[in-house]
Amino acid sequence: MEASLTIPDIAALLRSRFGDALVEAEDLQAPQPWLQLQPARLAEVCTLLRDDPRTRFDSLSCLSGVDYGPENGALGVVYHLYSILREQLLVLKVRIPREDPQAAVPSLAQVWRTAEWHEREAFDLLGIRFSGHPDLRRILLPDDWEGHPLRKDYEAQEWYHDIQVKY
């Protein structure tokens with residue numbers, strides 16, 4: 001087995017292959033460094049990270065939606081990738097405009113199948129859209145629920161089908 005690339009090496013690989021798709025690489029020597037990507041190139045970058053013999057990130061361990069708040073005007077997605085073979089973790093982040101109804105993050109369901117469920121959860125609870133998702137619909141809340149409960153400015157409805165929500 002080849003030696004694992006370090007996180008700075010992975011950042012350099014992504015810069016050389018994808019140029020400005022790598023927006024930010026923060027404190028790459030930290031215990032959990034992260035790389036921020038342009039959403040448009042996310043699936044392409046992740047396919048490389050999965051398939052390249054130097055990286056082999058074969059597992060999407062977790063995908064978390066983030067609301068950076070109305071004052072920051074952004075929603076984000078944080079991906080925790082893991083290479084079982086190399087016993088290595090990599091964190092990726094993307095951001096999209098919070099109030100743009102057309103803004104979307106490319107689905108990674110074609111890269112890692114487990115992304116399907118995680119993306120539906122982020123859609124349901126935060127309203128983050130994932131373009132190309134095979135079945136993007138609510139997963140935890142009823143289809144007719146109003147709003148996205150994990151948004152920082154979410155106001156719960158008073159009633160839902162004759163059931164008091166706020167108490």
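What you see below is based on every heavy atom in this structure, not just the backbone, and it leaves out hydrogens, waters and symmetry mates.
In this structure, the side chains of L13 and T55 come closer than 4.5 Å at one or more pairs of heavy atoms. Annotation: side chain of L125 is not in contact with side chain of I139 (no heavy-atom distance under 4.5 Å). For the pair L60 and R50, the minimum side-chain heavy-atom distance is 4.5 Å or more. Side-chain atoms of R41 and P106, non-hydrogen and from C-beta on, never get closer than 4.5 Å to each other. Side chains of F130 and L108 form no contact here, defined as non-hydrogen atoms less than 4.5 Å apart. The side-chain heavy atoms of E24 and K93, taken from C-beta on, include no pair separated by under 4.5 Å. Contact of the F18 side chain with the L48 side chain is registered, since non-hydrogen atoms from C-beta on lie closer than 4.5 Å.
Residues A25 and L35 share a closest heavy-atom pair of CB-CD2, 3.6 Å. Here the shortest heavy-atom pairing between P142 and Y160 reads CB-OH, 2.9 Å. Of all non-hydrogen atoms in G76 and I128, the two that sit nearest each other are O-CD1, 3.4 Å. In terms of heavy atoms, A109 sits closest to P134 at CB-CD, 3.9 Å. Considering every non-hydrogen atom in both S61 and H118, the closest pair reads O-NE2, 4.3 Å. The minimum heavy-atom distance linking K152 with G69 is given by the pair CD-CA, 3.9 Å.
Counting only distance, with no hydrogens or angles, the side chain of R138 and the backbone of W145 share a donor-acceptor pair below 3.5 Å. A donor-acceptor distance shorter than 3.5 angstrom exists from the side chain of H148 to the backbone of D124, with no hydrogens or angles considered. Listed for the R151 side chain is a donor-acceptor partner under 3.5 Å among the backbone atoms of L126. Of the possible polar contacts, none joining the E146 side chain to the A156 backbone as a donor-acceptor pair under 3.5 Å is found. A donor-acceptor distance shorter than 3.5 angstrom exists from the side chain of Q164 to the backbone of K166, with no hydrogens or angles considered. Remark: side-chain polar atoms of R56 are not paired, donor with acceptor, to backbone N or O of L85 under 3.5 angstrom.
In this structure, H133 NE2 and Q110 CD are separated by 8.5 Å, a value rounded to the nearest 0.5 Å. Residue L22 holds its CG atom at 11.5 Å from CD1 of I10, rounded to the nearest 0.5 Å. The structure places SG of C46 at 7.0 Å from CG of L37, a figure rounded to the nearest 0.5 Å. For the atom pair CD of E71 and CG of D153, the computed distance is 9.5 Å after rounding to the nearest 0.5 Å. To the nearest 0.5 angstrom, C62 atom SG is 11.0 Å from Y79 atom OH. The CG atom of L140 lies 8.5 Å from the CZ atom of R120; values are rounded to the nearest 0.5 Å.
One hydrophobic cluster, built from ILVMFWY side chains closer than 4.5 Å, holds both V94 and I96. Hydrophobic clustering, with ILVMFWY side chains joined whenever heavy atoms are under 4.5 angstrom apart, groups W117 together with L81. When the side chains of ILVMFWY residues are joined at heavy-atom separations under 4.5 Å, either directly or via intervening members, V165 and Y154 end up in a single hydrophobic cluster. Hydrophobic clustering keeps L89 apart from L42 (ILVMFWY residues linked when any side-chain heavy atoms are closer than 4.5 Å, directly or through intermediates).
Identified under the side chain to side chain donor-acceptor pair (under 3.5 Å) test for residues 5-18, with sequence neighbours left out: T6-D9.
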Requested in this report: Would you please test L92 and F57 for side-chain contact (heavy atoms from CB on, under 4.5 Å) and show each step?
Outcome: CA-CA 12 Å; L92 302 177; F57 286 100; over 6 Å; no
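A donor atom on one side chain and an acceptor atom on the other are found under 3.5 Å apart for S107 and E119. There is no side-chain donor-acceptor pair under 3.5 Å between D58 and Y82.
Chaining together hydrophobic side chains whose heavy atoms lie under 4.5 Å apart places V78 alongside W34, V66, Y68, V91.
Between D67 and R98, at least one side-chain nitrogen of the basic residue sits less than 4.0 Å from a carboxylate oxygen of the acidic one, meeting the salt-bridge criterion.
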